[in-house]
Visitor: 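Have a look at the structure that comes next, please.
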Amino acid sequence: MKRARFVASVVAAALGVAAMVGFVVHAGPAHVAEVLLRMRWAVGVAIAFEGVRVVSETWGACTLYGPDVPRCALVRAQLAGYALCYVLPAGRAVAEACKAAMLWPYLPRARVVGVALANQAMALVAVGVASSLCVVVAHARLAGPLATVLAVHSAVTLGAGLLLVLTAAHRMPPQGKRVALLAMLVSRVAQAAGILVLVRAAAPHAVVLDGLTVWGLHLMGASVGDIALAQVGFTDGALVLGAAAAHLDAASALSVALAVRAAQLTWVAVGVVVAFARAPRAPLPRASRSRDSRADGVCARALS
């Protein structure tokens with residue numbers, strides 16, 4: 001089974017890279033380079049908005065875990081989880097599992113698992129709400145299969161999030177869920193703001209509706225791309241296929257996708273560095289230290 005998953009991941013990654021090469025050739029390498037050069041200032045803004053996302057989701061996690069988890073350990077776990085989320089297939093689930101493993105020494109295992117379930121549920125609900133908004137905005141612009149896929153994605157994601165909230169509510173911590181949901185929504189608003197800036201930089205004629213259309217396509221591509229390493233070829237493909245609906249040419253749409261990926265990979269690099277740099281903390285009981293060592297080993301293997 002593990003070998004089959006590995007082979008499937010390699011095949012998906014190879015197809016994604018091949019698709020990326022095809023998109024660049026289709027858009028014109030020189031044109032893509034020209035657009036990226038023009039929007040280089042916006043990449044820094046997108047990195048800053050991605051940082052707002054990290055801070056917002058960390059704030060939500062703080063309310064769920066409560067005061068018993070040291071803030072330095074929580075921030076370390078959040079950054080490590082972020083790195084895994086945007087690199088590995090099924091990234092969000094893997095990230096929550098890694099964060100749970102890193103924080104077991106500080107809280108009972110049942111509570112850590114409950115927080116992981118709550119984070120997963122709130123993330124799905126936030127993406128579902130954001131996607132539904134984009135469907136409403138872009139319904140007159142998108143047509144055919146792409147519009148159907150976007151609508152199905154919003155309905156399935158929101159439904160999955162709400163179903164997880166209902167079925168696993170007894171395992172989630174009783175406090176902090178509203179703040180965690182608000183934090184996830186703020187995170188998506190920051191993501192939308194970053195994409196709007198990138199779209200405007202890539203195509204000065206673009207309006208807010210064009211940016212929201214691109215945002216919806218990105219959310220859909222990211223969810224479908226969870227089957228591949230770093231979602232390569234999927235988020236990019238979604239934006240290129242829907243470029244006309246957002247009044248962009250292929251080079252501008254692909255440049256926006258590459259800039260979003262650059263912002264994410266910047267914070268992935270921060271997460272990798274922080275995950276491998278053990279933060280100083282007070283000595284723990286022997287059992288806790290052994291669990292912490294195993295957790296660090298799990299995350300190190302996932303990141304390597």
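Every value quoted in this text rests on a predicted model; they were computed, and no experiment measured them.
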Visitor: Side chains of Ile47 and Val43: closer than 4.5 Å at any heavy-atom pair?
Guide: yes
Visitor: So how far is it from Trp215 CH2 to Leu133 CG, rounded to the nearest 0.5 Å?
Guide: 6.0 Å
Visitor: Spell out, yes or no, whether Met184 and Leu182 are grouped together once hydrophobic residues are joined by side-chain heavy atoms under 4.5 Å, including indirect joins.
Guide: no
Visitor: Does the side chain to side chain contact (heavy atoms under 4.5 Å, CB included) test come out yes or no for Leu254 and Leu239, once each step is laid out?
Guide: CA-CA 7 Å; Leu254 184 58; Leu239 265 61; over 6 Å; no
Visitor: Is the closest side-chain heavy-atom distance between Trp104 and Val112 below 4.5 Å?
Guide: yes
Visitor: Quick one: does Ser131's side chain get under 4.5 Å of Thr157's, heavy atoms only?
Guide: no
Visitor: Could you walk me through whether His218 and Thr235 satisfy the side-chain hydrogen bond (donor to acceptor under 3.5 Å, both in side chains) test, starting with their C-alpha distance in whole Å, then the side-chain angles of each, then the deciding distance to 0.1 Å, before giving a yes or no?
Guide: CA-CA 5 Å; His218 173 79; Thr235 52; 4.9 Å; no
Visitor: Thr213 and Asp210: side-chain donor and acceptor closer than 3.5 Å?
Guide: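 Checked: Thr213/Asp210 side chains show no N/O donor-acceptor pair below 3.5 Å.
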Visitor: Between Ala95 and Gly81, what is the shortest heavy-atom contact and its length?
Guide: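 Minimum heavy-atom separation between Ala95 and Gly81: CB-O, 3.1 Å.
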Visitor: Looking at every non-hydrogen atom in both residues, tell me the closest pair between Ala201 and Met39 and how far apart they are.
Guide: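 Closest approach of Ala201 to Met39: CB-CB, 3.6 Å.
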Visitor: Give the minimum heavy-atom separation between Val268 and Ala83, together with the two atoms involved.
Guide: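 In this case the closest contact between Val268 and Ala83 is O-CB, 3.7 Å.
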Visitor: Any chance you could measure Tyr65, atom OH, to Asn119, atom CG, to the nearest 0.5 Å?
Guide: 6.0 Å
Visitor: Can a donor-acceptor pair be found, under 3.5 Å and without considering hydrogens, that links the side chain of Arg76 to the backbone of Ala275?
Guide: yes
Visitor: How many angstroms lie between OG in Ser255 and NE2 in His31, if you round to the nearest 0.5 Å?
Guide: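 Separation between the atoms: 7.5 Å.
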Visitor: Go through the steps for Leu146 and Leu217 under the test side chain to side chain contact (heavy atoms under 4.5 Å, CB included), then give the verdict.
Guide: CA-CA 9 Å; Leu146 198 57; Leu217 292 169; 3.9 Å; yes
Visitor: Given side chain to side chain contact (heavy atoms under 4.5 Å, CB included), test Thr63 with Gln175 step by step and report yes or no.
Guide: CA-CA 8 Å; Thr63 63; Gln175 75 283 355; over 6 Å; no
Visitor: Do Tyr82 and Val55 land in one hydrophobic cluster if side-chain heavy atoms of ILVMFWY residues count as linked below 4.5 Å?
Guide: no
Visitor: Is it the case that over 12 heavy atoms from other parts of the model lie below 6.0 angstrom from the CZ atom of Arg71?
Guide: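 Yes, enclosed.
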Visitor: Assess whether side chain to side chain contact (heavy atoms under 4.5 Å, CB included) is satisfied between Leu164 and Gln120, documenting all intermediate values.
Guide: CA-CA 8 Å; Leu164 184 57; Gln120 182 72 44; 3.9 Å; yes
Visitor: Does a side-chain N-to-carboxylate-O contact under 4.0 Å join Arg261 and Asp236?
Guide: yes
Visitor: Calculate, to the nearest 0.5 Å, the distance between atoms OG1 and CZ belonging to Thr58 and Arg53 respectively.
Guide: 11.0 Å
Visitor: Working to the nearest 0.5 Å, report the span between CD of Gln78 and SG of Cys85.
Guide: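 One finds 10.5 Å between CD of Gln78 and SG of Cys85.
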Visitor: Among the clusters formed by ILVMFWY side chains lying less than 4.5 Å apart, do Leu212 and Ile195 turn up in the same one?
Guide: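 Yes, Leu212 connects to Ile195 through the hydrophobic network.
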Visitor: Would you call Arg92 and Glu57 a salt bridge, taking side-chain N to carboxylate O under 4.0 Å as the test?
Guide: yes
Visitor: Considering all heavy atoms of both residues, which atom of Pro173 and which atom of Leu64 are nearest to each other, and what is their separation?
Guide: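 Heavy atoms only, the tightest pair is CG-CD2, 3.8 Å.
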Visitor: Which value, rounded to the nearest 0.5 Å, describes the distance between Trp267 atom CH2 and Leu79 atom CG?
Guide: 7.0 Å
Visitor: Shared ILVMFWY cluster between Val136 and Val127, side chains joined below 4.5 angstrom?
Guide: no
Visitor: Please find the pair of heavy atoms, one from Gly161 and one from Leu124, that lie closest to each other, and give the distance.
Guide: CA-CB, 3.6 Å
Visitor: Taking the side chain as C-beta and beyond, is there a heavy-atom pair between Val35 and Arg38 under 4.5 Å?
Guide: yes
Visitor: Answer yes or no: is there a side-chain heavy-atom contact under 4.5 Å between Leu258 and Val32?
Guide: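 Counting from C-beta outward, Leu258 and Val32 do come under 4.5 Å.
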Visitor: In this structure, would Val197 and Leu219 fall into the same cluster of hydrophobic residues linked by side-chain contacts under 4.5 Å?
Guide: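 They do not share one cluster, since no chain of ILVMFWY contacts under 4.5 Å joins Val197 to Leu219.
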Visitor: Please report the shortest heavy-atom distance between Ala151 and Ser154, naming the atom on each side.
Guide: O-OG, 2.7 Å
